[in-house]
Amino acid sequence: MTTTSKYDTYTSPLAERNASAEMLRLWSPRHKFNTWRKIWLAVAEAMHELTPTGSPSVSEGLQTTHAPGVPAPQALPDGRAACSTGSSRPLVTREQVEELRAVVNRTNPDGTVGITDDEMKLAEKYERELRHDVMAHVHALGDSCPKAKGIIHLGMTSQDVVCNADLDILWQAFHLIESKVARAVFSLAGPAERWKLLPTLGFTHYQPAQPVTVGRRCAMWACELDLARRAVGERVGFLNFRRRGLRGATGTQASYLELLGGDGELVDRLEAGMLYELDERGYEVSPWMSDAEADEQRVRTADLLERRAKYVGAIHTAFSNADNAFSTELDESAGKNKGSTEDKLLEEAAQLRAMSTRDYQNKQARAYSWRVFPVMGQTYPRVIDTFILADLASTAAVLHKIATDIRLLCNRKELDEPFETKQIGSSAMPYKRNPMRCERICGLTRFVMNLVGNAYDTAATQWLERTLDDSSNRRLSLPEAFLALDGALDLMHNVASGIIVHEAMVRKNLMAELPFMATENILMACVKLGGDRQHYHELIRVHAQAAGMRVKQEGLDNDLLDRLRNDTNFWSKSRGGPLSAELDWDNLMDPMKYVGRSVEQTERFIKEVVEPLREQYGDAIAKLGESSPKV
């Protein structure tokens with residue numbers, strides 16, 4: 001049977017029902033394959049810039065460190081490689097780069113950018129024949145770039161493309177998750193502020209406990225979610241600009257060493273150039289500086305280091321001349337590092353001034369090394385995926401806890417999540433108002449939490465330099481974790497933004513248990529009036545258990561306070577009791593007496609945590625899409 005409709009095949013509920021358009025785009029085939037193409041373009045640009053007049057070759061037996069009598073590949077005046085014993089033409093010509101750039105960056109008639117639907121279909125055809133996704137796209141791109149066809153993927157292994165692309169997409173997806181976690185924190189801060197003065201029954205072990213306020217409970221949820229945001233933010237920072245680089249089949253860069261005549265410094269510059277061209281961040285020093293530009297920067301940097309050394313010396317002198325105990329103590333502390341710091345700065349400046357132009361350019365190229373993992377096999381270390389999925393799972397756990405709490409409070413008729421005019425709670429029971437959004441959050445987050453084991457298994461079973469069993473699993477576990485959590489975060493924002501608080505039920509439920517809550521205060525008051533703590537604890541326990549059984553077995557009101565008032569142990573000596581004065585029974589049923597610092601803690605959290613985040617994430621959150629359930 002020919003499939004002609006989406007209704008004739010399986011489609012992922014994550015795409016159809018849960019994930020946002022923004023997250024789906026990041027994990028779409030078009031975005032992935034466009035990222036691959038940008039990497040091929042960046043490598044081609046770097047190869048052209050590095051070998052503009054010809055490509056060096058490796059003489060037989062040539063080592064990375066050139067042996068005596070073996071001529072090293074020559075360099076142009078600006079440090080780029082020129083042909084010595086190899087071809088007289090560059091590895092990649094300007095014409096090939098421009099043809100490749102035109103295809104990679106083009107705007108198509110249908111409004112898409114880069115790869116077209118027809119090209120993706122052609123790649124699918126190639127993959128059915130070749131059984132290799134990367135080579136399928138190499139051929140498809142080559143068909144669109146006939147002049148550049150022969151240099152696409154030159155020197156590269158598949159993971160020079162895939163891993164670099166994956167890390168970029170992971171960073172983008174994490175960045176979106178971070179913004180959505182922050183938005184969920186803000187949405188919980190709204191009801192925290194609004195209901196900070198509304199006392200409600202607290203629970204430990206899901207048994208009635210000391211009261212809090214509704215707002216304080218929302219602030220507690222927001223605080224836990226903010227902790228998850230911090231962890232996600234750290235991961236975003238770690239992944240920012242992080243790449244596999246150009247490392248070849250087993251991570252040794254052997255193919256690039258072969259291409260560049262055995263010159264390891266040129267390999268460093270090629271990798272730096274690829275990173276520079278790929279990310280277009282603009283903050284890093286270009287690896288393609290001319291001689292004049294490199295010398296100017298080298299001298300300017302040396303001047304700056306010398307000025308810093310002079311400043312350190314001046315500070316030391318100032319402290320040495322100060323005539324007080326504090327300055328002496330500070331001088332002694334600073335003096336321990338002063339000499340070494342000043343000497344180090346001057347030494348570094350002297351090294352720069354003595355450095356040749358090419359050595360300085362190579363030094364700048366090596367400065368890119370922080371962006372790649374120092375030693376790896378064929379892929380970036382798969383333990384990184386465990387960090388990623390663990391952070392997503394931690395965020396999911398917090399969302400699950402919040403959604404579960406809301407579901408429990410819906411059962412007590414204290415809260416309701418948003419419920420639309422025509423929404424149906426049950427097909428059989430028309431009165432039902434099920435918390436379906438929170439139930440869906442729990443289901444999605446449980447799925448995310450259980451995906452993390454895939455990453456641990458994959459990292460643990462990467463034999464030696466790499467095995468391919470990671471690929472099929474990562475195609476599922478990584479995108480689906482992000483898609484599921486993305487949907488759950490949207491739902492949490494929707495629920496928190498529209499949460500309904502039933503004040504009358506909150507008060508009713510609290511007042512039914514408040515006599516029990518008052519017992520701790522009564523106990524402390526009795527001790528202050530001369531009573532024995534252990535004796536009164538036992539008296540209150542007996543009365544409380546009896547009152548509780550009356551409520552449970554007879555369905556009657558809680559009469560604990562009446563029982564205590566009628567017990568002579570709680571009377572003053574003037575009435576024949578043991579206490580030095582009468583207990584203040586009139587104020588015992590004021591709920592706000594029992595919420596502690598709930599209001600203060602809520603206000604402080606909003607002021608010190610939430611408000612600063614508004615400035616940090618305001619612009620990013622303003623760009624986020626709708627958070628209502630898709631279905």
Side-chain angles (χ1 to χ4, degrees), residues 191 195 197-218 220 401 403-417 419 424-436 438-439 442 499-526 535-571 577 582-596 598:
W195 305 107
L197 295 172
L198 179 60
T200 186
L201 192 61
F203 287 91
T204 59
H205 313 277
Y206 199 48
Q207 300 297 311
Q210 272 189 347
V212 295
T213 68
V214 172
R216 197 264 185 196
R217 180 173 282 147
C218 293
M220 179 183 70
K401 181 263 192 301
T404 300
D405 285 355
I406 294 173
R407 291 167 65 189
L408 293 172
L409 294 170
C410 286
N411 174 263
R412 292 177 58 80
K413 299 181 172 57
E414 295 185 10
L415 300 183
D416 268 323
E417 65 178 32
F419 198 87
I424 294 173
S426 168
S427 63
M429 297 168 278
Y431 67 89
K432 292 293 288 292
R433 191 172 173 131
N434 298 335
M436 57 81 67
C438 285
E439 290 173 322
C442 289
I499 198 165
I500 301 164
V501 178
H502 301 297
E503 292 185 69
M505 284 302 299
V506 170
R507 179 171 179 79
K508 178 182 178 181
N509 290 338
L510 174 59
M511 297 309 291
E513 301 290 342
L514 195 61
F516 296 129
M517 306 303 108
T519 56
E520 186 174 8
N521 283 21
I522 295 172
L523 174 61
M524 290 186 292
C526 290
H535 175 63
Y536 276 90
H537 183 280
E538 179 60 18
L539 290 173
I540 294 171
R541 186 191 69 81
V542 171
H543 284 304
Q545 294 295 326
M549 294 305 293
R550 181 175 186 267
V551 172
K552 295 174 183 177
Q553 294 187 347
E554 301 178 42
L556 300 176
D557 292 338
N558 188 336
D559 67 345
L560 175 59
L561 292 184
D562 291 334
R563 290 171 179 268
L564 296 178
R565 280 196 186 101
N566 294 327
D567 186 334
T568 58
N569 286 287
F570 294 87
W571 293 3
E582 289 291 338
L583 292 168
D584 184 7
W585 298 100
D586 293 337
N587 292 324
L588 287 174
M589 292 300 284
D590 177 7
M592 291 301 290
K593 289 178 63 68
Y594 304 100
V595 299
S598 291

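Position 1 is the first residue of the sequence; numbering continues from there.
In this structure, Cys218 SG and Leu415 CG are separated by 7.5 Å, a value rounded to the nearest 0.5 Å. Here CG of Leu201 is found 11.5 Å from CE of Met511. Values are rounded to the nearest 0.5 Å. Atom CG of Asn566 sits about 7.5 Å away from atom CH2 of Trp571, to the nearest 0.5 Å. With values rounded to the nearest 0.5 angstrom, Leu560 atom CG is found 6.0 Å from Phe516 atom CZ. From His535, atom NE2 reaches atom CG of Asn569 across 4.5 Å, with rounding to the nearest 0.5 Å. Between the SG atom in Cys410 and the CZ atom in Arg407 there is a gap of 9.5 Å [rounded to 0.5 Å].
Judged by distance alone, with hydrogens and angles left aside, the side-chain atoms of Glu417 form a donor-acceptor pair with the main-chain N or O of Met436 at under 3.5 Å. Not one N or O on the side chain of Tyr594 forms a donor-acceptor pair closer than 3.5 Å with the backbone of Met589.
No hydrogens or angles considered: a donor-acceptor pair under 3.5 Å links the side chains of Asn509 and Glu414.
Residues Pro515 and Ala512 share a closest heavy-atom pair of CD-O, 4.1 Å. Contact between Arg217 and Gly202 at its shortest, heavy atoms only, is NH2-CA, 3.7 Å. The two residues Thr213 and Thr200 have their closest heavy-atom pair at C-CG2, 3.7 Å. Residues Cys526 and Leu583 approach most closely at SG-CD1, 4.0 Å, considering heavy atoms.
Take Pro199 and apply the side chain to side chain contact (heavy atoms under 4.5 Å, CB included) test, not counting sequence neighbours, and it matches Leu510, Pro591, Met592, Val595. With sequence neighbours left out, the side chain to side chain contact (heavy atoms under 4.5 Å, CB included) criterion links Asp559 to Ala547, Arg550, Asp562, Arg563.
In this structure the side chain of Val214 never reaches within 4.5 angstrom of the side chain of Pro191, judged on heavy atoms.
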task = Could you walk me through whether Leu561 and Ile522 pass the side-chain contact (heavy atoms from CB on, under 4.5 Å) test, one step at a time?
result = CA-CA 10 Å; Leu561 292 184; Ile522 295 172; 4.0 Å; yes

ask   = What's the verdict on side-chain contact (heavy atoms from CB on, under 4.5 Å) for Glu520 and Leu523, showing C-alpha distance, side-chain angles and the deciding distance?
value = CA-CA 5 Å; Glu520 186 174 8; Leu523 174 61; 5.5 Å; no

task = Show your reasoning for whether side-chain contact (heavy atoms from CB on, under 4.5 Å) applies to Val212 and Phe203.
result = CA-CA 9 Å; Val212 295; Phe203 287 91; over 6 Å; no

request  = Could you go through the side-chain contact (heavy atoms from CB on, under 4.5 Å) check for Ile500 and Phe419 one step at a time?
outcome  = CA-CA 9 Å; Ile500 301 164; Phe419 198 87; 5.8 Å; no

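By the 6.0 Å contact criterion, NE2 on His537 is open, its count of non-hydrogen atoms from other residues, nucleotides or ligands being 12 or less.
Residue pairs meeting the salt bridge (charged side-chain N to carboxylate O under 4.0 Å, His left out) criterion with at least one member in residues 499-519: none, sequence neighbours excluded.
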